[in-house]
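Okay, structure first, notes after.
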Amino acid sequence: MKAKAHRTQVSTSQLELPLGRSGAAHDLAYYIGIGKVFAAYHKRWPTADATREEFRAARVKDVDGRRIERELRYPAPVLEADPEYQALRERCLLDGMPEGVTLEALDPRYRTVLSESGITGLFASIALPVRAGPEAVRYATGLPAHAADELTLRVGQGIAVRALAAAGFDAQDPRVLARSFSVRVQANDELKSVIERIGIHRPTLDARLADHYLLDAGEDGRLTVRYQLLAGGRYAGRFDVGQLSDRLAAVYARDPELAQLRGSEAPAMPEMPAVAATAAAPTPGSIEELREQLAMLEPEGQSLKLPIQALSRFAEIRRLLERAGGDYRAATQRFEFEEDLEPAAVIENLLRSGGS
């Protein structure tokens, strides 16, 4: 009897541990709790293919991966009203996940993002690189190689243009634009922790972060960790576009290379080469079309060689040349003439007479 009582007690408490009461309305934290219990037992996050037996082994009853996926994709009113669920669904849709929130989206590696203070600290380190000295490792552009924990920050063009205007620079000057996009930041501990937690690990301890990743600050206020050599990336948090623009304006205003360009006349763009006027194609069936195709025959010894392209007026051309003494040889695609006839002169006469 004691053993039976013990089993009953475990069965009752297993859902109350992280999940609440069976049949109750559930918010996002409920489903995250299920995932944590599963992951603690199986050492991996559940997927839609996780079976009822796997959940039961983790002491979670009456669920499987497909059921949880359905409840996440078609939320009950309580879940749909949860602000955390709404924010996660918006992010999933923006990340190209048309099905919305899934078990994969509940994975802590996906939900891990930079805090507001972490992004603020990251942007506080914004700088433009100085020209490398003769002994420094440089890229082909002449800029110095990134430091070990330094990353390129790719700023949306609209943000950069607003910052340049605020700093008093001509945003239409290509030299200014080229300099304004060479933005770098120093990766803080929080960013490096996020990179590790979302599963894009550095290949070697001594490798530069910039060899593998860059940061993308979009005009929609989304910060993304992107791969250098692969397509795609991972969402890393949101930032205030106005604050980033103000910070960039201050950095641009202090940059000595940009200062040298202030007020100078932008180099004139090279003019496009003049395109020769293309003669209009002759009207089909006209004398001009016949003359054009006659002129395409190439004299060679005692013959006229047909061009590679097909001639729409070939029947007329053949009739004219045979009347002038030519003998058409289909095997060699040529008109052969007797020795007393000059093929080039035959063509010249036909062109002069308009093929008559």
inquiry  = I'd like to check the salt bridge (Lys or Arg N to Asp or Glu O under 4.0 Å) partners of Arg254; sequence neighbours left out, ordered by chain and number.
reply    = none
ask   = With sequence neighbours excluded, what pairs up with Asn188 under the side chain to side chain contact (heavy atoms under 4.5 Å, CB included) test?
value = Leu122, Glu190, Leu191
task = Decide, yes or no, whether a salt bridge links Arg313 with Glu292 under the criterion of side-chain N to carboxylate O below 4.0 Å.
result = no
request  = Measure the spacing between CG of Leu320 and CG of Asn349 and express it to the nearest 0.5 Å.
outcome  = 12.0 Å
message = Just to verify, what does Arg319 make a side-chain hydrogen bond (donor to acceptor under 3.5 Å, both in side chains) with, not counting sequence neighbours?
response = none
request  = For Asp246, check side-chain hydrogen bond (donor to acceptor under 3.5 Å, both in side chains) against everything at least two apart and list the hits.
outcome  = none
task = Scan residues 286-318 for pairs that pass ring-ring contact (aromatic ring centres under 6.0 Å, His included), counting only residues two or more places apart or in two chains.
result = Phe314-Tyr328
task = State which residues pass side chain to side chain contact (heavy atoms under 4.5 Å, CB included) with Pro129; sequence neighbours excluded, sorted by chain then number.
result = Leu143, Pro144, Arg179, Ser182, Arg184
note = For Asp82, the side-chain hydrogen bond (donor to acceptor under 3.5 Å, both in side chains) test, sequence neighbours excluded, returns none
key: Contacts of Phe123 that satisfy ring-ring contact (aromatic ring centres under 6.0 Å, His included) - sequence neighbours left out   = Phe239
ask   = Got a sec, which residues hit side-chain hydrogen bond (donor to acceptor under 3.5 Å, both in side chains) with Arg334, two or more places apart in sequence or on another chain?
value = Glu300, Ser303
inquiry  = With rounding to the nearest 0.5 angstrom, report the CG to CD distance, Leu311 to Glu289.
reply    = 9.5 Å
request  = Measure from the side-chain N and O atoms of Thr224 to the backbone N and O of Arg226, and report whether any donor-acceptor pair falls under 3.5 Å.
outcome  = no
task = Could you note down all residue pairs passing ring-ring contact (aromatic ring centres under 6.0 Å, His included) where residues 50-70 supplies at least one of them, sequence neighbours left out?
result = Phe38-Phe55
remark   = With sequence neighbours left out, the residues meeting ring-ring contact (aromatic ring centres under 6.0 Å, His included) with Tyr252 are none
query = Which residues pass the side chain to side chain contact (heavy atoms under 4.5 Å, CB included) test with Thr102, sequence neighbours left out?
reply = Glu69, Arg73, Met97, Glu99, Glu104, Ala105
